Amino acid sequence: MRSGFKIEFEGKPEPVQGLTLDLIRRGSSGPITSYPFTKFEDGPRITYLPQAQVQEVQLGSPHVEEFSISIPPGSRTMAFGSLGGYRVIKPFSDFGRRIIALNTPQGEMEVIQAISTLRPDYVTLKALKQNWEYSVTTQDIPPEVLRSTLSVSINEKNPNDRLAIVRFFIDADMLMQAQQELDRIEKEGQFPDFANRINELRLLIRQLQALEFLNEFKTRLAAGQFELVYQKAHQFPRQDINQATLQEVDRIISDHEAAYEQMDRIRAELSRLQAEVKSPQQLVRFQDMRSVIDKRLSRHNLEKLTPFVQNLDDQFLTAEQKLALAYSGWIVGPAMAETDADTAISYWDARDAVRSYLQVTNPIRKQEIYHSLSQLEGIGPDILAAIVQNMGPAYETPASEMGVPFTLNTMNVGKSYGYQVLLPLGYSADRSYPLVMALPSAGVPAQAEVAWWGGSSLGGPAHRNGYIVISPEWPAEEISGSSAVHEIVLDILRDARKRLAIDSDHVFLAGHGTGASAALDVGMSHPSEFAGLISIGGRFNEYAHHYWKNCDALPTYFVVGELDGDLYNANSSDWTRMMKYGQDVVLTQYKQRGGEDYRDELPRILDWMKLHIRELPPLEFERITMRSGDNRFDWFEFSGLPEATLNPRVSPGGRLIPATALPVEATITPGNNIYVKVAANRITLWLTPELVDFTERVKIRWKGRTQFNDFPEPNGETMLQHLDFTGDRNRLYWMRVDL
């Protein structure tokens with residue numbers, strides 16, 4: 001795809017006119033037949049992508065080792081039209097069979113399943129008494145079940161069959177099982193003529209394990225888990241490993257050791273230079289600053305001291321100037337580090353004032369703190385923005401126990417909402433982490449939703465990829481489809497930004513079932529808050545039927561089961577519109593499966609998430625709103641919408657007239673001209689230097705006339721007020737215009 005997202009498929013991609021027969025008929029009425037979608041199929045699923053988003057297709061037909069298991073014939077006259085998920089799943093027998101209890105429209109039903117086909121990428125399960133067959137990823141089947149089932153389809157005395165099992169596990173990326181199979185073959189000693197081939201496979205497995213370890217190291221390093229990788233790199237198996245791989249591992253070790261050597265040198269130089277400071281007042285302040293850096297310095301923030309390290313040997317800089325580089329860079333980042341000692345001290349005072357401003361709740365006290373901040377010399381809006389972006393969350397929230405979810409409650413005045421939090425391995429407030437906000441389905445505990453993403457160990461998906469995961473604890477009363485859902489989700493997001501080291505440009509909103517439906521509603525209503533939207537079994541509601549237009553800059557990922565009631569058909573019209581308009585959409589349909597959590601899709605979802613980031617505030621956009629709370633898109637906010645938009649009406653004849661969708665348009669053109677269009681009583685524009693030139697007049701036209709024509713004036717208090725409300729340290733606005 002254009003985003004860089006890649007999928008694997010079997011056969012050839014198929015151009016598709018529509019997602020359902022009805023949509024195909026409706027789309028075939030014109031003289032020209034269009035094919036806006038492309039269908040890609042593999043064993044378990046079908047993936048639909050917008051043709052406009054497909055960048056390149058590579059065809060290939062690699063040989064895949066496949067094993068078939070004979071299933072006794074039966075009547076199999078019954079087929080399922082709808083499935084509601086599994087109630088009970090019993091373990092597999094040694095012959096690859098199990099009993100599951102299903103939720104069906106007729107009630108609970110027990111079904112006997114048997115493994116019929118085994119491939120390295122997927123395993124096919126067939127019902128013995130029903131006409132029902134589907135596939136799951138091979139990793140979803142316990143290894144011991146795979147091995148015992150494979151033995152049914154081979155001759156254990158045939159060396160080629162036994163080695164085929166080894167190749168099967170290698171191709172399935174189950175290298176430990178492949179190694180164990182070779183160990184069994186050697187221990188049995190039945191195939192001495194195949195000793196060379198066995199040794200070749202052992203060597204191949206070692207090489208593949210080395211690459212697997214190296215790729216895991218890279219994933220963990222990208223997540224900031226430096227200590228773990230350093231420890232594991234020392235345990236890396238080096239026998240029979242190619243030189244290029246060993247060099248990469250050695251570089252990982254040397255980079256870590258070099259970073260620690262540099263940190264030791266920084267601490268020593270800060271101590272040495274401090275002894276040369278002449279001013280007693282500066283010395284006192286520098287001592288406090290040094291103690292902070294000495295305590296917090298790590299690989300997460302080492303880059304901030306780059307100017308200091310680079311100028312340590314500069315003979316023309318005094319001790320005070322070198323220390324100023326260190327202490328100012330620590331607060332505003334290396335690009336804005338200064339050599340003036342008083343300026344560095346002012347930066348630290350400003351940082352402390354900003355943190356105090358964000359932590360107090362009394363409005364009068366906030367004004368007093370900002371007044372003191374405004375009196376500090378050299379603290380303009382650019383410096384204030386740099387301080388905010390480098391200071392981390394206003395409140396530090398350490399994990400109670402690594403890898404164990406814990407509960408937070410929102411700090412907002414008034415009603416408080418609880419949410420579960422899972423922090424990744426090696427979490428540090430000095431680093432920014434991507435966030436998954438996962439909305440559970442009705443009746444599902446927030447802990448279960450967090451576990452879906454985080455797994456049950458420190459090797460779970462969220463830990464490996466360095467994601468913070470949070471999930472709201474829904475109140476007992478029914479809230480589905482209500483404005484309370486928006487309030488809960490957005491309040492929790494704002495609260496988490498203030499307390500956790502979240503990268504606000506990498507926030508993904510996700511959900512299962514009714515939680516996915518809520519995610520669709522919230523995400524499409526507030527698209528500028530998120531980098532992506534993930535719906536697993538979600539349904540478009542009456543607002544989302546209109547709000548799909550708001551997703552032109554919000555990538556979406558949908559997962560649905562073919563037998564999950566009418567969900568696919570109910571959503572197909574909205575998916576069709578989104579794909580026809582070329583939006584960044586991935587639609588995955590699992591064949592012959594119902595209402596499940598689809599954990600087997602998680603690896604692809606994580607690959608997709610790595611490629612997406614929240615779009616920068618656009619200079620031009622068109623959005624849709626139908627509710628008073630859906631009143632902010634990027635830098636444009638409004639209120640006082642007409643009643644026809646907010647409430648349905650009844651005609652004189654008694655006919656219900658539904659609420660109407662209201663278009664919202666905003667454009668910034670060269671020359672600082674801003675044009676907005678919305679049928680509202682009041683509007684607010686939030687401006688930054690990336691949007692307008694602060695040295696020129698800004699003209700704002702609304703309702704057919706110029707409403708504002710003046711030079712923009714940056715205001716630090718506006719920046720902090722916005723930050724205090726949103727907690728978003730990546731979107732800092734220098735000025736607001738209220739009309």
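Note that the structure is a prediction, hence the values are computed from the model and not measured.
- Arg632 and Glu529 are not joined by a salt bridge, as no carboxylate oxygen comes within less than 4.0 angstrom of a charged side-chain nitrogen.
- Using a 3.5 Å distance cut-off with no hydrogens or angles, the side chains of Arg627 and Ser525 do pair a donor with an acceptor.
- Nearest heavy-atom pair, Met626 versus Ala661, reported as atom, atom and distance to 0.1 Å: CG-CA, 3.6 Å.
- Scanning both residues, Pro13 and Phe40, for their nearest heavy atoms gives CB-CE2, 3.4 Å.
- Of the options Gln589, Lys12, Lys591, a side chain to side chain donor-acceptor pair (under 3.5 Å) to Glu41 is made by Lys591 and by none of the others.
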Criterion side chain to side chain donor-acceptor pair (under 3.5 Å) on Tyr547 and Asp630, from CA distance to verdict: CA-CA 10 Å; Tyr547 281 10; Asp630 305 340; 2.7 Å; yes
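- Between the CG atom of Asp634 and the NE2 atom of His526 there is a distance of 13.0 Å, given to the nearest 0.5 Å.
- Taken from OG1 in Thr38 to CE in Met1, the straight-line distance is 10.0 Å, to the nearest 0.5 Å.
- By the neighbour-count criterion of 12 heavy atoms within 6.0 Å, atom NZ of Lys549 is sparsely surrounded, having that number or fewer from other residues, nucleotides or ligands.
- The distance from the CD atom of Glu8 to the NZ atom of Lys6 is 10.0 Å, given to the nearest 0.5 Å.
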Check against side-chain contact (heavy atoms from CB on, under 4.5 Å), Tyr557 and Phe5: CA-CA 12 Å; Tyr557 198 116; Phe5 182 58; 4.1 Å; yes
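- Taking the six-membered ring wherever Trp is involved, the centroid distance between the rings of Tyr581 and Trp548 falls below 6.0 Å.
- Residues Asp495 and Tyr417 have side chains that never bring a donor and an acceptor to within less than 3.5 angstrom of each other.
- Classification of the Tyr568-Trp575 ring pair by plane angle, with boundaries at 30° and 60°, yields tilted.
- Between Pro461 and Leu606 the shortest heavy-atom distance is CB-CD1, 3.6 Å.
- With sequence neighbours excluded, the residues satisfying side-chain contact (heavy atoms from CB on, under 4.5 Å) with Thr556 are Leu533, Cys551, Phe558, Met578, Val585.
- The two residues Leu691 and Pro618 have their closest heavy-atom pair at CD2-O, 4.4 Å.
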Trace of the salt bridge (Lys or Arg N to Asp or Glu O under 4.0 Å) decision for Arg119 with Asp42: CA-CA 12 Å; Arg119 291 169 43 117; Asp42 59 21; over 6 Å; no
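- The pair Arg539-Asp566 meets the salt-bridge criterion, since a charged nitrogen lies less than 4.0 angstrom from a carboxylate oxygen.
- With values rounded to the nearest 0.5 angstrom, Thr588 atom OG1 is found 7.5 Å from Ile7 atom CD1.
- Under the side-chain hydrogen bond (donor to acceptor under 3.5 Å, both in side chains) criterion, Thr47 pairs with Arg604, sequence neighbours left out.
- Side-chain contact of Asp728 with His722: a donor-acceptor pair under 3.5 Å is absent, judged by distance alone.
- Between the OG1 atom of Thr137 and the CD atom of Glu601 there is a distance of 9.5 Å, given to the nearest 0.5 Å.
- Aromatic ring orientation, Phe636 versus Phe621: tilted (interplanar angle from 30° to 60°).
- At least one cation-pi condition fails for Arg623 and Phe638: the charged atom is not both under 6.0 angstrom from the six-membered ring centre and inside a 45 degree cone around its axis.
- For the residue pair Pro424 and Ile468, the shortest heavy atom distance occurs at CD-CG1, 3.8 Å.
- For the residue pair Glu133 and Gln592, no side-chain donor N or O sits within less than 3.5 Å of a side-chain acceptor on the partner.
- The two residues Ile488 and Pro472 have their closest heavy-atom pair at CG2-CB, 4.2 Å.
- Separation of atoms CZ (Arg497) and CZ (Phe725) is listed at 10.5 Å; rounding is to 0.5 Å.
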